[in-house]
Structures are given as structure tokens and as C-alpha cells.
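As C-alpha cells, the structure follows; a few thoughts come after it.
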Protein chains: 2
Amino acid sequence: MPDTVPPDAGDLLEPLARVVRSYYDALTAVATSHGLSGAQARALIALREPLSMSALADHLVCDASNATGLIARMEARGLVRRDPSPEDRRSKVVTATAEGRELALRLRSAMHTVHAALEALTPQERTALLPLLDRLGDLLTR
Amino acid sequence: MPDTVPPDAGDLLEPLARVVRSYYDALTAVATSHGLSGAQARALIALREPLSMSALADHLVCDASNATGLIARMEARGLVRRDPSPEDRRSKVVTATAEGRELALRLRSAMHTVHAALEALTPQERTALLPLLDRLGDLLTR
DNA sequence: TATTGTTATACTCTATAACTATA
DNA sequence: TATAGTTATAGAGTATAACAATA
């Protein structure tokens, strides 16, 4: 008779919170090491493809006026550009500059802290973890 | 021959990010539904026990002047109290009021979104998840 | 009339520097 | 001298309301 009493939800909450915190700490450390706020890092990562101001605000889940200020600061720093849309003269297209794209690349690749932790798992652990994470994500977002 | 090719770290990153995002969304939704900012919620949760201003700033990992403004706003709202320390006349002790403690209770118990998702796992899934979360937390924080 | 983006305004969070009172 | 807390100041992120240009 193995001692496999299933843990209750409370037993899982603490280690889950620890994983979440570590994940966020790693990501914000990367952003600030490149002199970016979290909001700016998120915007830059979203700008893989050019986006209109409203599409960007939707993506960042913030008000359009907020996006205006955010992008204005990033434009002043040379990370993005705002061009008039050729299709709709009300609209503007936000594009990452070469410098912005290069920084975004470093931001993405510099998620290596989290990536390395996942690499350090054994193949068995990885195989076991994947469906559990999928399931948990489904449960949390439904 | 089962198709158990172990997933690489990239395969795990996306579902992990989804879990993390859902977790944070749930927590901030709880805080804002009670009219609290994230910083205020964190402070209130930290104040299970009375703390000095500097101990609170340490806990929140922010500057002391930041804690002054934060606690001043919460004090104006009747959530906390600042009393002179009887031991060190330079120091003040921050204590949650009855209203603040009641709100903190609701904040803690209202983590039910995450809790419910964990409850919805099968006993087998919970048993499998716990050691993996522990291991991942260790890898991320070391 | 509705939409896109901006400006004006205001509040919170955050930090640095200078200050007071106390140790 | 060093520490605890505050104030003054500044900048970033956030939202609401009002506005111009365009659809």
C-alpha cells in the first residue's frame, strides 16, 4: 500500500506561487537590465509586426490614451516609429525600428533564465509536466 | 513503442506562460474588485502582523519613501494605522485596522479562482504535479 | 454617427536627495 | 555617525473626458 495520499489544492498553491514569482522576477530582471519598464518590454515584444495604435492598446489591455503616452516615450527613445496608415487616414501604424527590433530579440532570447530551468528538468519530468501545464492553463482560463 | 518523445524547453514555455498569466490575472482581478491596487493588496497581505515602516519597505522590495506614500494613502482610507514604537522613538508600527484585516481576509480567501482550478484537477494529476512544481521552483530560484 | 488618435487632467507607484529626530 | 521616517520632487503608468479628423 503506497503512501500516495493525493495532495489537496492548498498543498499545490504554495509551490505554484513560487514558480509564478520566480518566472516574473526573471522576466522583469531581463527588462530592467535593458533599461525598459515592463510595459515598454511588453509593447516591444508585441511589435513583431507593425500594429495600429488601437490594436496595440487592445493587445496591452489598456486605454488608447495610455498607449499614446507609452509609444511617445518609446518613439522619443528611437525604439519605434509612428507612420500614417495608407489605408485609413485616421489611423497610424507603429513599427519597431532596427534598434527596437534588436532589443526585442535580446528580450526574447534573454528569457533564458526560465528556459534554462526548463532545460534542466529530466526528459521524464518534461514529459510529465507538459500535459499538466496544459490542463492547468485550461482550468484557469475557462 | 510509445510516442514519448520528450518535449524540449520551448514546448513547455508557452503553457507555463499561460498558467502564469492566468494566475496573475485572477489575483489582480480580486484586488481591483475590492478597489485596491496591486501594491496596496500586497501591503495589506504583508500586514498579518504589525510591521515597522522599514520592515514593510523591505518586504515590498521598495524604497522607504515609497512605503511612506503607500501607507499614507491606505491610512487615509482607514485600512491601516501608524503608531509610534514604544521601543524606538524613531520608529513607527504599522497595523491593519479592523476594516483592513477584514479586507485582507477577503483578498486571501478570494484566491479561490486559482484554488478552484487546482481543486478541479484529478487526484492523480495533483499527485503528479506537486513534485514537479517543487522542482521547477527550485530550478528557477537557485 | 461612429472610430482613431491625441491632449488635458488627475491619481498611483516608484525612486533620489535632502531633512528631522533619534540612536 | 548611522538609522527611521518624512518631504520635495520627478518620471512612468494608468484612466476619464473632451476634442479634431476621418470614416
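None of the values given here were measured: they were computed from a predicted structure. Below, chain A is the first sequence line, B the second, and so on; all start at residue 1.
- Rounded to an integer number of Å, the gap from A:Asp58 CG to C:dT3 P is 13 Å.
- Using a 4.0 Å heavy-atom cutoff across all strands shown, A:Thr68 reaches at least one base atom of the nucleic acid.
- Atom-to-atom, CG of B:Asp63 to P of D:dG11 comes out at 17 Å; the value is rounded to the nearest Å.
- Atom NZ of A:Lys92 is separated from atom P of D:dA20 by 16 Å (rounded to the nearest Å).
- Take the nearest nucleotide of DNA chain D for A:Cys62 and for A:Arg89: the residue whose nucleotide is more 5' is A:Cys62.
- Put simply, A:Arg82 has a side-chain N or O that comes within less than 4.0 Å of OP1 or OP2 on C:dT6.
- Not a single donor-acceptor contact under 3.5 angstrom links the side-chain atoms of B:Ser65 to the base of C:dT14.
- Taking for each of B:Asn66 and B:Arg90 the nucleotide of DNA chain C with the nearest heavy atom, the 5'-most of the two is the partner of B:Asn66.
- Proximity of a side-chain donor or acceptor of A:Glu125 to a complementary backbone N or O of B:Leu132 within less than 3.5 Å is not detected.
- At whole-Å resolution of the value, CG in A:Leu36 and P in D:dG11 are 19 Å apart.
- Residue contacts shown for B:Ser52 are limited to sugar-phosphate atoms, with no base heavy atom under 4.0 Å away.
- For A:Glu119, the CD atom counts as densely surrounded, since its 6.0 Å shell holds more than 12 non-hydrogen atoms of other residues, nucleotides or ligands.
- Taking 4.0 angstrom as the limit, A:Ser54 places a side-chain polar atom (N or O) nearer than this to OP1 or OP2 of C:dG5.
- Heavy-atom contacts from other residues, nucleotides or ligands closer than 6.0 Å to CZ of A:Arg108 number more than 12.
- Summarising the geometry, the separation between CG on A:Leu60 and P on D:dA12 is reported as 17 Å, rounded to the nearest angstrom.
- Between A:Arg81 and A:Glu75 there is no salt bridge, since no side-chain N of the basic residue sits under 4.0 Å from a carboxylate O of the acidic one.
- For B:Asp88, counting side-chain heavy atoms from C-beta on, the closest listed nucleotide (C:dG5, D:dT22, C:dA23) is C:dA23.
- In this structure, A:Arg73 places its CZ atom 11 Å from P of D:dG11, rounding to the nearest Å.
- Looking at A:Arg18 and B:Asp134, their side chains come closer than 4.5 Å, going by heavy atoms from C-beta outward.
- To the nearest angstrom, P of D:dT3 lies 18 Å from CD of B:Glu87.
- The distance from atom CE of A:Met53 to atom P of D:dA21 is 19 Å, rounded to the nearest whole Å.
- A residue-by-residue look at B:Gly69 and A:Ser37 shows that B:Gly69 has its nearest nucleotide of DNA chain D further toward the 5' end.
- Put simply, B:Ser85 has no side-chain N or O that comes within less than 4.0 Å of OP1 or OP2 on D:dA4.
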